[in-house]
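For reference, the structure discussed in these notes is given below.
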Amino acid sequence: MNENFAFPNIFPNLSVWKRLLRAHRLSSVLFHPIKTFLIVKVLFLVYKGREIEAQEILQQNSQKRFPLFCVVLILLLSSMGYSNLALPFFLNQVALQPKWYRLRIRLALLYEEEGRMDDAIVELKKAVLLIRNDAEKSDVYYYIASILDGQGKLQKELTMLQKAIELNPCYADAHYAMGYCLCHMRFIEEGEVAFRRVLEIDSNHSYAKAYFSRTTRDL
């Protein structure tokens, strides 16, 4: 073995893998020795700069043998900063499994990392249509709102936050974001109503408390 090969820096430790896999409901991959071997092999090839060989392994296994394995590898590669290698395979997996909304959300994250904000929003809106759970839908609307905030599209951001709150009325962070958005739109009184609602939901919400303590000092 090459003694210069720094395993801790290249391979996510087991706890990181478990968190990542649990988040995407793919924990069974950890108990499959062939898939684990292929994950290590692909990460090793990427580390050595042999990305073409890594791509070939992904391509060979993506459709016929281990489609979920490839999703795991894509997640690992993107988390390590290799989004350029992960993106084509994400697009392939989304095409193969168009109703898997978690894939679309992760694809949106990749687009966001590359600065393709409009593409990220498109994927998130597609994901929302596939989600049945109101709390998860609310989270996605909140995520869309955060992207729109970065783009300065305040009216559209406000619309997304309203959708998030409609689905989850006790979503404190969404109420806070709405208050922040309204204040930036010069609707100060409406913004303060939203901030008060935050404190009704969570009396310890630090940002909402800080807003009122600051405005009290300014009086």
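- Under 3.5 Å, the side chains of Tyr101 and Glu136 contain a donor-acceptor pair of N or O atoms.
- In this structure, Leu148 and Glu157 approach most closely via the heavy-atom pair CD1-N, 3.8 Å.
- Residue Tyr180 places its OH atom among 12 or fewer non-hydrogen atoms of other residues, nucleotides or ligands, all under 6.0 Å distant.
- Between Ile201 and Ala172, the shortest heavy-atom contact is CG2-CB, 4.0 Å.
- With Val140 as reference, Leu124 is the one residue of Leu130, Leu167, Leu124 to meet the side-chain contact (heavy atoms from CB on, under 4.5 Å) rule.
- Tyr171 has its ring centre no less than 6.0 Å from the ring centre of His175.
- Across Ile147 and Ala120, no two heavy atoms sit closer than the pair CD1-CB, 4.0 Å.
- If you take CD on Gln97 and CZ on Arg104, they are separated by 11.0 Å, rounding to the nearest 0.5 Å.
- To the nearest 0.5 Å, the span separating CZ on Arg106 from CZ on Arg102 amounts to 13.0 Å.
- Screening residues 160-174 for salt bridge (Lys or Arg N to Asp or Glu O under 4.0 Å) gives no qualifying pairs among residues at least two apart or on separate chains.
- Through direct or relayed side-chain contacts under 4.5 Å between Ile, Leu, Val, Met, Phe, Trp and Tyr, Val122 connects to no other residue.
- Partners of Asp134 according to the side chain to side chain donor-acceptor pair (under 3.5 Å) rule, which considers only residues two or more places apart in sequence or in another chain, do not exist here.
- No continuous path of hydrophobic side-chain contacts links Ile144 to Ile165 [ILVMFWY only; heavy atoms under 4.5 Å].
- Under the side chain to side chain contact (heavy atoms under 4.5 Å, CB included) criterion, Ala208 pairs with Tyr176, Val198, Leu199, His205, sequence neighbours left out.
- With sequence neighbours excluded, the residues satisfying side chain to side chain donor-acceptor pair (under 3.5 Å) with Arg116 are Asp119.
- Between Leu161 and Ala174, the shortest heavy-atom contact is CD2-O, 4.0 Å.
- The list of salt bridge (Lys or Arg N to Asp or Glu O under 4.0 Å) pairs with a residue in residues 199-211, not counting sequence neighbours, reads Arg197-Glu200.
- Note: Glu189 CD to Cys183 SG = 10.5 Å, rounded to the nearest 0.5 Å.
- Linking ILVMFWY residues whenever their side-chain heavy atoms come closer than 4.5 Å, directly or via other members, leaves Phe195 and Val193 in distinct clusters.
- For the side chain to side chain contact (heavy atoms under 4.5 Å, CB included) test, residues two or more places apart in sequence or in another chain that qualify with Met185 are Leu154, Gln155, Leu158, Cys181, Phe187.
- Expressed to the nearest 0.5 Å, how far CD of Glu123 lies from CG of Leu107 amounts to 4.5 Å.
- Listed here is the closest heavy atom pair of Glu192 and Phe212: O-CZ, 3.7 Å.
- Tracing side-chain contacts under 4.5 Å through hydrophobic residues (I, L, V, M, F, W, Y), one reaches Leu91 starting from Leu110; they form part of the same cluster.
- Tyr143 meets the side chain to side chain donor-acceptor pair (under 3.5 Å) test with Glu112; sequence neighbours excluded.
- Within the structure, the salt bridge (Lys or Arg N to Asp or Glu O under 4.0 Å) test picks out the following pairs touching residues 138-154 (sequence neighbours left out): Asp118-Lys153.
- Residues passing the side chain to side chain donor-acceptor pair (under 3.5 Å) test with Tyr142: none are found, sequence neighbours excluded.
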